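Not measured: the values here are computed from a predicted model.
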Amino acid sequence: MKSEEFATATMKKITICVCSSRTFIDRAKVAKVTVAAQKAGIEVSLVSDLCELCETKAEEVHDIAKTTIVACHPRAVKSLMAFVGEDGVQSLNLRTGSVDDVLQALGVQPIEVSDDDADGWMKQMEAMPRKLGDDAWYPTLDKDACAECGKCLAFCPFGVYEMVDERIRVVHPTHCKNNCPACARTCPASAIIFPKYDRSPINGGEEQQEYAVKLDTRELYAQTLRDRLLTRKKLIK
C-alpha cells in the first residue's frame, strides 16, 4: 500500500498487534518498526492481542480503528474490525511484509535500529500475557465474499453463528474451539477467516496454501461434538 493512500490523521499514530500468544509476528520486526516510526514523529501503541480486544469489544478498539493498524493480513484485519462495527480501517501487514515495506507505506525512511534502541520494546513485548491454547480464537467473516448460504451455521455445534436480519453473524465467539478452523473448510466462498490460523486463505492471506476439499461435514460435526462432550466431562471431574 502506497504512503499517499494513508490519511494525515492516521499517519500520526499507529497501533501494532504483537499477538503475544502466537509466534507468526516477528517481535524484532515490531521493535524496528516502532523505533523508526517514533523517530519520524509517529505515535506508536502496542497491543498484546487485537483479536482478544475485539472479542471482548473493549472500548479502546474504536480508538484503535482511527489509527493505522500494523498487524497481519489486511483482509483479516478488515473482517476483525468489521466484527466490532468498524469499517474503512487502514492496515499494514507485518506478518508476511518486511520492515522496509511497512515503513515505506508509512512514509518513514528506514534506519538502522540498534539493540539498545529496540531493547525496551522487546522487554515490553516479553511482559505481555501469553495464553497458550487459551487465547482468543474465533472466526470472522469476509462479508464481501459471504453468500449467506448458512453452511457454517448448520455445521457449527458450538453455536458460534446466528442468522441476524437474514445475514450470518458471529454472535458467540467465545464458544469456538481453540485452533479449530473446520467451519472455514465447509465454506464454498472462502469467506470465513481465522486470523491466527497458520495457512492462507483461511488466515485472510491471498495465497492458496490450503486448497478447498470436499469434506464429510457430518463426520466433522460428530467429531467436534465428541470433543465438546469430552471437554465437558473433564470439567465435571
Side-chain angles (χ1 to χ4, degrees), residues 1-27 29-30 32-34 36-37 42-55 57-58 60-108 110 135-146 170 173 181 184 187 189-210 212:
M1 190 175 291
K2 297 179 180 179
S3 59
E4 58 263 32
E5 296 177 6
F6 286 82
T8 302
T10 59
M11 282 288 293
K12 293 180 180 178
K13 185 171 183 178
I14 64 175
T15 302
I16 305 180
C17 177
V18 176
C19 202
S20 60
S21 297
R22 305 275 169 159
T23 59
F24 49 68
I25 294 183
D26 189 331
R27 293 181 181 182
K29 290 166 64 176
V30 173
K32 288 178 181 178
V33 168
T34 301
I42 296 174
E43 183 181 347
V44 183
S45 295
L46 304 187
V47 296
S48 63
D49 191 338
L50 185 59
C51 288
E52 182 176 357
L53 291 176
C54 290
E55 179 185 65
K57 299 192 175 178
E60 62 192 283
V61 171
H62 303 292
D63 291 330
I64 290 172
K66 298 173 185 175
T67 72
T68 294
I69 299 171
V70 180
C72 52
H73 299 291
R75 192 165 75 100
V77 175
K78 179 181 177 180
S79 66
L80 184 64
M81 297 305 289
F83 172 67
V84 292
E86 293 289 350
D87 295 317
V89 296
Q90 298 172 338
S91 68
L92 293 168
N93 180 5
L94 194 57
R95 177 170 180 163
T96 59
S98 70
V99 170
D100 286 355
D101 287 342
V102 170
L103 292 177
Q104 182 180 12
L106 291 170
V108 175
D135 57 324
W137 171 278
Y138 56 95
T140 59
L141 299 175
D142 181 346
K143 300 307 291 186
D144 293 332
C146 180
V170 175
C187 179
S190 297
I192 297 175
I193 298 172
F194 284 88
K196 293 179 179 178
Y197 191 60
D198 61 349
R199 290 187 296 280
S200 175
I202 289 177
N203 61 20
E206 300 298 327
E207 289 185 74
Q208 198 70 37
Q209 296 176 327
E210 182 168 310

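- Side-chain N or O atoms of Arg75 include one that pairs as donor or acceptor with a backbone N or O of Pro201 at under 3.5 Å.
- The shortest side-chain heavy-atom distance between Val99 and Pro110 does not fall under the 4.5 Å cut-off.
- Of all heavy-atom pairs spanning Val108 and Ala36, the tightest one is CG1-O, 3.6 Å.
- Under the side chain to side chain contact (heavy atoms under 4.5 Å, CB included) rule, Val102 has a single partner from Asn93, Thr68, Val70, Ile14, which is Val70.
- For the atom pair CG (Leu50) and CD1 (Ile64), the distance works out to 5.5 Å, reported to the nearest 0.5 Å.
- Lys57 is linked by a side chain to side chain donor-acceptor pair (under 3.5 Å) to nothing, counting only residues two or more places apart in sequence or in another chain.
- Residues passing the side chain to side chain donor-acceptor pair (under 3.5 Å) test with Ser98, sequence neighbours excluded: Asp101.
- Legend: salt bridge (Lys or Arg N to Asp or Glu O under 4.0 Å) pairs involving residues 83-95, not counting sequence neighbours: none detected.
- Lys29 places a side-chain N or O within 3.5 Å of a backbone atom of Leu94 that can act as its donor or acceptor partner.
- Residue pairs meeting the salt bridge (Lys or Arg N to Asp or Glu O under 4.0 Å) criterion with at least one member in residues 192-203, sequence neighbours excluded: Asp49-Lys196, Asp135-Lys196, Arg199-Glu210.
- The closest side-chain heavy-atom distance from Leu46 to Ile16 is below 4.5 Å.
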Trace of the side-chain contact (heavy atoms from CB on, under 4.5 Å) decision for Thr96 with Glu207 = CA-CA 11 Å; Thr96 59; Glu207 289 185 74; 5.8 Å; no
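- In this structure the side chain of Lys13 reaches within 4.5 angstrom of the side chain of Ser45, judged on heavy atoms.
- In this structure, the side chains of Val18 and Ser48 stay at 4.5 Å or more apart for every pair of heavy atoms.
- Between Asn203 and the choices Phe194, Tyr197, Phe24, the side chain to side chain contact (heavy atoms under 4.5 Å, CB included) rule is met once, by Tyr197.
- Partners of Tyr138 according to the side chain to side chain donor-acceptor pair (under 3.5 Å) rule, which considers only residues two or more places apart in sequence or in another chain, do not exist here.
- The shortest side-chain heavy-atom distance between Leu141 and Pro139 does not fall under the 4.5 Å cut-off.
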request  = Let me see the working for Cys51 and Leu80 under side-chain contact (heavy atoms from CB on, under 4.5 Å), right down to the final yes or no.
outcome  = CA-CA 7 Å; Cys51 288; Leu80 184 64; 4.0 Å; yes
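- How far CE of Met81 is from NE2 of His62: 8.0 Å, rounded to the nearest 0.5 Å.
- A distance of 10.0 Å separates CD of Glu52 from SG of Cys17, quoted to the nearest 0.5 Å.
- To the nearest 0.5 Å, atoms CD1 (Ile193) and OG (Ser79) are separated by 3.5 Å.
- The shortest distance between side-chain heavy atoms of Leu103 and Val33 falls below 4.5 Å.
- With sequence neighbours left out, the side chain to side chain donor-acceptor pair (under 3.5 Å) criterion links Glu55 to no other residue.
- Distance check: Thr15 OG1 to Ile69 CD1 gives 6.5 Å after rounding to the nearest 0.5 Å.
- For the pair Ala145 and Ala189, the tightest heavy-atom approach, listed with the atom from each and the gap, is O-CB, 3.4 Å.
- Scanning all heavy atoms of the two residues, the minimum distance from Leu92 to Ala105 falls at CD2-CB, 3.6 Å.
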